[in-house]
Amino acid sequence: MNVHDDIVYLKGVGPAKAKVLAAELGIFTANDLLQYFPFRHIDRSKSTTVASLTEESGIVVLHGTMSNLAVVSIGPRRERLTVDFSDGTGSLQLAWFAGIKWVREKVKPGVTYTIIGKPSLFNGTWQMTHPEIEAESGDRRTDSGGFLPVYTTTDKMKQHGLGTRALARLTETLCGCISGIEETLPSDVLQRFHLMGRAEALKAIHYPDSPAQLEQARARLKFEELFFLQLDYQYAHAARLVRSQGLVFNTVGDHFNRFYSEKIPFPLTGAQKRVVREIREDMRSGRQMNRLLQGDVGSGKTLVALMSMLLALDNGCQACLMAPTEILATQHYNTFLRLLEGLDIRVELLIGSLRAADKKKTKQRIASGETHIVIGTHALIEDDVLFHRLGLVVIDEQHRFGVEQRAKLWAKGTPPPHILVMTATPIPRTLAMTLYGDLDCSVIDELPPGRQPVRTYHRTEPRRPLVFSFLRQQIDAGRQVYFVYPLIHENPKLDLRDLEDGLEMVQSYFPRPQYQVSLMHGQLSPEDKAFEMDRFKRGLTHIMVSTTVIEVGVDVPNATVMVIENAERFGLSQLHQLRGRVGRGAEQSYCILMTKDHLSTTSRERIRTMCSTTDGFEIAEADLRLRGPGDLQGLQQSGVLDLKLASIVDDEPLVQATRDLVRDLLAADPTLAAHPELRRHIEHSKNRLMWSKIS
Ligand code: ADP
Ligand code: MG
């Protein structure tokens with residue numbers, strides 16, 4: 001049978017089963033079945049005895065004889081066959097509800113059988129339904145033995161006679177007759193990495209001769225997966241560099257220079273300097289920039305964005321910055337106004353809540369080129385926002401935006417503007433290596449001087465009074481405090497009630513007029529939000545009780561304590577973001593995670609991680625470990641989740657090896673002219689959606 005043949009032609013399949021295989025597992029061809037890997041194997045040589053069975057035994061292998069075969073009717077045209085199995089240490093009842101004719105012919109008295117199945121205890125007797133049975137030839141070592149693959153199946157498959165054992169029979173047949181399996185990796189790669197050939201690996205992963213062979217087969221197939229993932233990304237990256245003509249920003253002019261010499265409020269950190277240089281190089285290279293800027297909360301990304309935007313202005317272009325919330329956009333707008341005061345630069349704010357007439361005028365000034373820098377929210381991507389000459393788009397907290405939203409900004413200039421996406425939610429190294437083959441990456445790995453790491457504590461309800469007296473000390477010393485409540489309900493009104501209960505409690509400990517409290521949540525009007533934010537910023541209120549609307553970006557250096565209520569309900573990256581709201585000034589800051597008493601294992605692990613480190617990368621790795629890559633934002637389109645064997649979390653050395661290999665290979669042969677098999681793969685690649693299109 002050829003790999004491309006329809007699975008219906010495999011002996012034992014037929015039209016009905018073929019339909020189920022297609023519907024349940026997406027298996028249409030022989031090749032598809034071959035690629036449906038078992039999740040484990042049973043070692044038939046490792047048998048056990050009936051006497052030593054326990055409820056936790058799982059699938060076991062037993063050797064023994066059969067007696068007392070009986071068939072009883074259990075309904076119209078339904079029968080049950082039972083037979084007693086005994087191995088000298090005890091006995092077990094085997095039962096069949098289907099395939100009765102076959103069992104009847106197969107079971108003979110006096111013969112020793114190997115049986116494989118999952119025993120269960122029923123009214124004090126061991127039973128096993130639909131076991132695998134096989135007569136032994138006398139010499140156990142030569143029996144068809146070895147390793148039996150175990151597959152994941154669905155209920156629907158089981159109803160159609162396609163349980164794991166049935167699948168194992170199908171793959172066994174298939175491995176015996178398959179032809180036309182092509183090698184996909186170049187032969188020098190096979191040699192250099194001591195990899196098993198593809199045909200051998202695909203058979204051995206189902207029916208290995210030994211654990212060592214199984215390991216080699218898995219290693220080979222993992223390698224292949226990661227290699228092609230890398231090839232897809234890196235090839236797309238290389239192709240974009242050749243293809244995308246970018247605006248050439250080769251002037252460093254007055255805007256940048258005057259800001260740098262007169263306006264900059266503090267010396268840049270070494271990391272900020274390096275990153276500004278990387279961005280500058282990139283924007284004058286003639287290629288369109290597509291760069292990810294990673295930097296932990298508080299590392300000073302805003303300033304880097306501002307200086308990059310000044311470079312665009314120096315080269316006769318406009319620049320815009322998009323932020324995920326109005327609070328954050330407004331804050332950036334105010335920061336920019338303050339920092340650029342006295343320089344002849346027109347900065348405008350474009351957010352949804354502007355009055356229609358104002359919005360219209362703002363858009364006109366953007367279109368005419370009168371406005372140099374636009375800061376805004378999603379309002380920026382509306383179709384009627386036209387730029388005169390857009391040269392640079394900065395996207396803050398990029399993980400908060402959807403794919404299409406980002407793609408729309410990309411389309412607002414011809415040639416397309418340079419793109420800088422910024423994030424404080426670090427991407428674990430292995431992922432960055434995999435995914436950002438297509439995105440250049442800059443990292444601010446240094447905090448401004450004088451920052452002290454935030455101290456984080458876990459507290460439960462009984463210690464609340466102590467927490468509050470600590471807060472009072474801080475406030476009396478002139479500091480400010482956040483209280484954050486999670487969004488719990490689908491219904492915002494109910495969340496609001498939680499928040500208001502919280503507010504009441506806080507106010508009872510911190511009575512007016514001595515203490516002033518601000519309340520912030522998503523339902524407030526934009527004016528009210530701006531008003532509250534402003535009061536807090538200016539130190540007129542001491543405490544901000546808020547939902548997670550303040551999660552990203554908000555910058556009030558005098559705030560030194562972040563209390564997170566129901567902290568067990570937050571994910572790690574969110575906790576990290578929230579904690580990033582404090583520790584932004586010179587004072588020692590604190591984060592207090594309030595939880596209920598009893599926590600699930602993962603909640604406990606999250607809280608423990610938060611208390612033990614402030615390093616965003618470490619937290620991102622822990623997050624990936626605890627949740628698996630499936631939940632990470634932005635990964636849905638990445639192809640990483642389609643990996644069958646390899647794991648981005650556990651196979652870091654292999655990710656690295658394949659990345660380097662592909663890089664060298666493409667450097668030597670950029671068009672893959674010397675590697676027709678790889679070229680073919682690229683042409684048929686499924687990973688069409690590339691980061692270059694979406695960021
Ligand atoms: P983030 O990277 O989280 O967006 P911000 O850009 O908001 O961080 O910067 C955090 C704080 O650090 C701000 O108050 C900013 O003014 C300050 N800051 C930025 N760069 C420096 C620097 N080089 N030296 C001192 N403070 C800085
Ligand atoms: Mg920021």
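Atoms within a ligand are numbered from 1 in the order they appear, just like the ligands themselves. Since this is a predicted model, take the numbers as computed values, not measurements.
Here the side chains of R479 and V561 are not in contact, with every heavy-atom distance at 4.5 Å or above.
With respect to E370 and K361, no salt bridge is recorded, no charged nitrogen being found less than 4.0 Å from a carboxylate O.
Only the backbone of L268 comes within 4.0 Å of ligand 1, counting heavy atoms alone; no side-chain atom from C-beta on gets that close. Counting heavy atoms under 4.0 Å from ligand 1, residue M422 does not touch it at all.
In the vicinity of T302, heavy-atom distances shorter than 4.0 Å reach the ligand 1 atoms 4 (O), 5 (P), 6 (O), 7 (O). Every atom of ligand 1 is numbered from 1 in the order shown, and the set under 4.0 Å from a heavy atom of T269 is 23 (N). Interface atoms of ligand 1 facing S299, defined by a heavy-atom separation under 4.0 Å, are 2 (O), 8 (O). Against a heavy-atom cut-off of under 4.0 Å, V297 is close to the following atoms of ligand 1: 3 (O).
Using a 4.0 angstrom heavy-atom cutoff, R451 counts as in contact with ligand 1. At least one heavy atom of G298 sits closer than 4.0 Å to an atom of ligand 1.
The side-chain hydrogen bond (donor to acceptor under 3.5 Å, both in side chains) contacts involving residues 301-319 comprise T251-N315, where partners must be two or more places apart or lie in separate chains. Among residues at least two apart or in separate chains, there is no salt bridge (charged side-chain N to carboxylate O under 4.0 Å, His left out) pair with a member in residues 326-342.
One side chain, S442 or R291, offers a donor N or O that lies under 3.5 Å from an acceptor on the other. A side-chain donor-acceptor contact under 3.5 Å links Q474 and T560.
Side-chain N or O atoms of N334 include one that pairs as donor or acceptor with a backbone N or O of T330 at under 3.5 Å.
Considering backbone and side-chain N/O atoms, P267 comes within less than 3.5 Å of an N/O atom of ligand 1.
Of all the listed residues (A586, G585, G300), G300 holds the heavy atom that lies closest to atom 8 (O) of ligand 1.
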